[in-house]
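The following block contains the structure, expressed as C-alpha cells.
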Amino acid sequence: MSSMSSNNILSSPKTVAILGCPFSGGQPKPGVDKGPIHLVQAGLINQVEELGWHVVFDGHHQFEDVSPPPNSIQVNGTSDAVVDTALDASIARLRSPLLVAQVCKSVASAVQAHAEMGRLPVTLGGDHSLAMGTISGTLRAYDQACVIWIDAHADINTIYSTDTGNIHGMPLSFLLKLNPPAPSPDSVLAKFDWVSHLPAERLVYIGLRDVDKGEKEILKKHNIKAFSMHDVDRYGIGKVVEMALDHVNPQRDRPIHLSFDVDALDPSVAPSTGTPVRGGLTFREGHYICEAIHETGLLVALDLMEVNPALEDAESVRQTVTVGCSLVRSALGETLL
Ligand SMILES: NC(=[NH2+])NCCC[C@H](N)C(=O)O
Ligand SMILES: [Mn+2]
Ligand SMILES: [Mn+2]
C-alpha cells in the first residue's frame, strides 16, 4: 500500500471500520468475547452511520481458525533436563501466550489494512490484550502515532512483574519493549517479536486507580505520564485531558490512538466488566475524554475493550453495553448540542 504517505492525516478518515474481536484469551473470565456481539446488536453500526460516517463492518473476526496451542511451556515438569531459568519460569506463568500472540498479530494486520485504506478502525473487544494488535496496526500505518490509554489499570506488567499471568494486564510492556528479548527463535517470547514499538513518551494514561507495585516501578523508571483518579479529582477532567494531550501531542500534529477500557468508568456506570475497581470516571468524565479527543481532529483509531455481558444482571449488562456504544459515538463526533 503506497498511495498514502504513512503519516498523512491531513484528510482525516470519513469511513469507520468496525472490527468485532470476540477474544477472551488474555484473561480468565468467560464472556468478554461476547462483548462485540452485544455492542453491534445494540445498534452501534447504525448509530455511527447516523453521525455521518460511512461504516464498513466485515463481521466479527474469526478466531476459530486459531488452533488452541498448549497453555504454556512446562518448565517445572518431571524432567530435570529442563533448564529452570528465571526467564523460563516467568514465561511459564503466562496465560495462553501463544494464542494471544497469534490473535493479536492477525488483529494488527486487520487494523493496519483498514488504516492504510484511510479508514478509522474501531476495535470492539474482547479483552485488553488485543490492544497489542490494534496499536501495532496503528503504528504501522502512522509511525508517529501516540496512545491515550483510559483504564483503571496500567496494563504494563512485564513477564517478570505480573502476578496473575493474564496478558490483558501486560500489553503495554510488549508495545514498549520492556520484556527481555527472545533467547531463541522458538522461545514463546519470539512470538511477540512482530509487536510494534511505542516510545514511552508517546503514551499517556487517564483514570488509573489499581496499579500493581511492580507497575508503579515501571511507570517511574520509564517516566511514563499517568493521570490517576487523584489527578481527575484535583484538576478536573477538562484540565487532565489538556495536560495529557500536551504531553503526548505537544504540537497537536500526531495521530491519536485512543484505547478505552470500559473499567476506567466507575462500576456504577459500567458494571459488566471483568476487573471492576470502585472510584472510577463518571459517565460524563468518560464521555468528555472521548469528545475532547474527537475535537482534536487527530483520532485515527479507537478501541473499546473489556465489556463482559456474562457478568452481573441483565440491567447491568444493558447499561454497560449502552455506555460502550455512547463512548464510541462521542469519540466519533456526537455532541450534546
Ligand atoms: N485490562 C485489564 N482489565 N487489566 C487488568 C489487569 C489487572 C492486574 N494488574 C493484572 O496484571 O492482572
Ligand atoms: Mn482495566
Ligand atoms: Mn485495560
Side-chain angles (χ1 to χ4, degrees), residues 19-36 39 61 63 94-97 99-101 103-108 111 121-138 147-159 161-176 178-179 192 195-196 198 203-212 215 218 224 226 257-265 267 270 272-277 280-281 286 289 301-311 320 323-324 327-328 331:
L19 291 91
C21 283
F23 180 65
S24 66
Q27 54 83 63
K29 293 186 184 172
V32 71
D33 50 307
K34 300 293 188 294
L39 290 159
H61 213 86
F63 296 126
L94 302 182
R95 171 182 297 270
S96 311
L99 176 65
V100 173
V103 164
C104 289
K105 189 177 179 184
S106 76
V107 169
V111 168
V122 173
T123 306
L124 309 175
D127 75 66
H128 217 168
S129 66
L130 288 162
M132 239 187 304
T134 61
I135 292 172
S136 292
T138 295
V147 172
I148 303 183
W149 191 280
I150 315 300
D151 208 319
H153 310 93
D155 293 353
I156 198 165
N157 274 303
T158 64
I159 62 162
S161 74
T162 177
D163 290 329
T164 61
N166 298 332
I167 300 180
H168 79 154
M170 307 174 64
L172 285 162
S173 77
F174 288 99
L175 285 157
L176 271 62
L178 305 181
N179 290 299
F192 293 87
V195 176
S196 297
L198 174 70
L203 166 65
V204 68
Y205 294 101
I206 300 174
L208 301 189
R209 58 194 181 277
D210 184 10
V211 180
D212 299 341
E215 291 183 302
I218 292 166
I224 297 167
H257 182 118
L258 177 60
S259 198
F260 204 119
D261 183 329
V262 82
D263 72 27
L265 299 176
S272 295
T273 190
T275 50
V277 189
L281 297 168
I289 294 169
L302 171 66
D303 307 329
L304 183 76
M305 300 294 177
E306 300 283 352
V307 172
N308 187 335
L311 299 175
T320 308
V323 81
L327 289 170
V328 171

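Along the sequence shown, residues are numbered consecutively beginning with 1.
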Inset, instruction - Drop me the distance from Cys21's SG to Asp33's CG, to the nearest 0.5 angstrom. - result: 11.5 Å
Inset, instruction - Mark yes or no for whether Glu306, through its side chain, and Gly274, through its backbone, hold a donor-acceptor pair below 3.5 Å. - result: no
Legend entry - Asp261 side, atom CG; Asp303 side, atom CG - distance, nearest 0.5 Å: 10.0 Å
Inset, instruction - Without swapping roles, check the side chain of Thr158 against the backbone of Asn179 for a donor-acceptor pair under 3.5 Å. - result: no
Inset, instruction - Determine the minimum heavy-atom distance between Pro267 and Pro276, stating which atoms define it. - result: CG-CB, 4.0 Å
Inset, instruction - Find out whether Asn166 and Pro28 are in side-chain contact, i.e. whether some heavy atom of one side chain is under 4.5 Å from a heavy atom of the other. - result: yes
Legend entry - Parallel, tilted or perpendicular: ring planes of Trp149 versus Tyr205, cut at 30 and 60 degrees: perpendicular
Inset, instruction - Test Ile156 against every option in Leu172, Val211, Leu175 by the side chain to side chain contact (heavy atoms under 4.5 Å, CB included) rule and name the one that passes. - result: Leu172
Inset, instruction - Measure the NE2-CZ distance between His168 and Phe23 for me, rounded to the nearest 0.5 Å. - result: 11.5 Å
Inset, instruction - Verify, without hydrogens or angle tests, whether Asp127 (side chain) and Ser129 (backbone) share a donor-acceptor contact under 3.5 angstrom. - result: yes
Legend entry - Straight-line distance of Arg209 CZ to Leu281 CG, nearest 0.5 Å: 6.5 Å
Legend entry - side-chain contact (heavy atoms from CB on, under 4.5 Å) between Ser161 and Asp212, intermediate numbers included: CA-CA 9 Å; Ser161 74; Asp212 299 341; over 6 Å; no
Inset, instruction - Enter the distance from Ile148:CD1 to Leu302:CG here, rounded to the nearest 0.5 Å. - result: 11.0 Å
Legend entry - Side-chain donor or acceptor of Asn308 paired with backbone N/O of Pro30 under 3.5 Å: yes
Inset, instruction - Check each of Thr320, Thr273, Thr275 against Asp263 using the side chain to side chain donor-acceptor pair (under 3.5 Å) test, and report the only one that passes. - result: Thr275
Inset, instruction - State whether the side chain of Ser136 and the backbone N or O of Val195 hold a donor-acceptor pair below 3.5 Å, judged by distance alone. - result: no
Legend entry - Donor + acceptor pair across side chains of His61, Thr123 (<3.5 Å): no
Inset, instruction - Identify the two heavy atoms, one from Cys104 and one from Leu130, that lie closest to each other, and give their separation to 0.1 Å. - result: SG-CA, 3.8 Å
Legend entry - CZ on Phe192 to CD1 on Ile159, rounded to 0.5 Å: 10.0 Å
Legend entry - Contact summary for Pro22 and Gly20, nearest pair of heavy atoms: CD-O, 3.3 Å
Inset, instruction - Would you kindly say whether His153 and Asp151 are connected by a side-chain donor-acceptor distance under 3.5 Å? - result: yes
Inset, instruction - Work out which heavy atom in Ala301 is nearest to a heavy atom in Thr138; give both atom names and the distance. - result: CB-OG1, 3.3 Å
